[in-house]
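Everything on this sheet refers to the single structure shown next.
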Amino acid sequence: MPKKETKTLISIILFLDIISIGVFLLLYLNTKNLVAESINKENDIKLELIREDGSTMMKEDLALAKKYQEKIHSYIIPKAGTVDFIKVLEEMVSNSGLKSNIKTVVNQAYDKGNSVGTENLKINMDVIGEWKNIQFFLSLLENYPLKIDIQKVSFNKLSDSFISSKKMVSWVGGFEFTVVKFK
């Protein structure tokens with residue numbers, strides 16, 4: 001039979017083993033919960049980062065869309081800008097050294113512009129002057145930063161005249177074009 005001291009020692013070792021197993025189980029379960037919680041937080045952080053990236057990309061897209069919209073609007077006459085455009089047109093004629101006669105200015109439907117609320121402003125006009133000046137005016141019209149579609153152009157020699165021993169040939173240029181305008 002074992003001695004009393006051996007029994008006590010075995011009881012203490014057994015008691016310490018049970019406590020160790022209990023502490024181990026407690027730490028294991030606690031660690032397992034911490035790992036699960038850490039994985040959940042990691043997933044939450046990933047989702048939040050994805051949302052933030054999406055939000056950032058959306059903000060960038062909105063800023064780009066606004067920039068492009070402003071750029072497109074600069075190619076279209078404003079709603080009340082018909083008179084201002086006619087003034088610019090007359091200034092271009094004047095800068096070209098020509099005389100002009102604007103025959104008609106008419107608003108007409110623009111098939112491609114219905115979704116954005118635009119229409120065409122159809123202008124029919126004649127200019128009178130030297131051939132080089134009419135060519136210069138045409139290049140100004142073609143390069144003006146608006147959506148201008150030149151539909152018809154005609155040139156007719158008007159007359160020959162002599163000024164200070166120089167032969168001056170007058171030409172008439174007929175232009176029919178449309179400009180996109182907001183309704």
Exercise for the section: Identify whether the distance between the nearest side-chain nitrogen and carboxylate oxygen of Lys87 and Glu91 falls below 4.0 Å. Expected result: no
Practice task
Give a yes or no on whether a salt bridge exists between Glu70 and Lys67, defined as a side-chain N under 4.0 angstrom from a carboxylate O.
Solution key: no
Practice task
Supply the atom-to-atom distance Asp44 CG to Glu37 CD, rounded to the nearest 0.5 angstrom.
Solution key: 10.5 Å
Practice task
Give a yes or no on whether Glu5 atom CD has more than 12 heavy-atom contacts from other residues, nucleotides or ligands under 6.0 Å away.
Solution key: no
Within the structure provided, determine whether [X] and [Y] are in side-chain contact (heavy-atom separation under 4.5 Å).
| X | Y | value |
| --- | --- | --- |
| Ile148 | Tyr75 | no |
| Phe85 | Leu146 | yes |
| Thr104 | Lys122 | no |

Handout entry: Check: Ser139 main-chain N/O paired with Asn143 side-chain donor or acceptor under 3.5 Å
Key = yes
Fill in the blank from the handout: With Phe177 as partner, the option from Asn124, Leu121, Asn120, Leu141 fulfilling side-chain contact (heavy atoms from CB on, under 4.5 Å) is Leu141
Fill in the blank from the handout: Looking only at heavy atoms, the pair that brings Thr31 and Leu27 closest together is OG1-O, 2.6 Å
Exercise for the section: Run the numbers on Lys147 and Thr118 for side-chain contact (heavy atoms from CB on, under 4.5 Å), then give the verdict. Expected result: CA-CA 11 Å; Lys147 172 70 172 113; Thr118 59; over 6 Å; no
Practice task
Could you label the plane-to-plane angle of the Trp131 and Phe155 rings as parallel, tilted or perpendicular, counting under 30° as parallel and over 60° as perpendicular?
Solution key: perpendicular
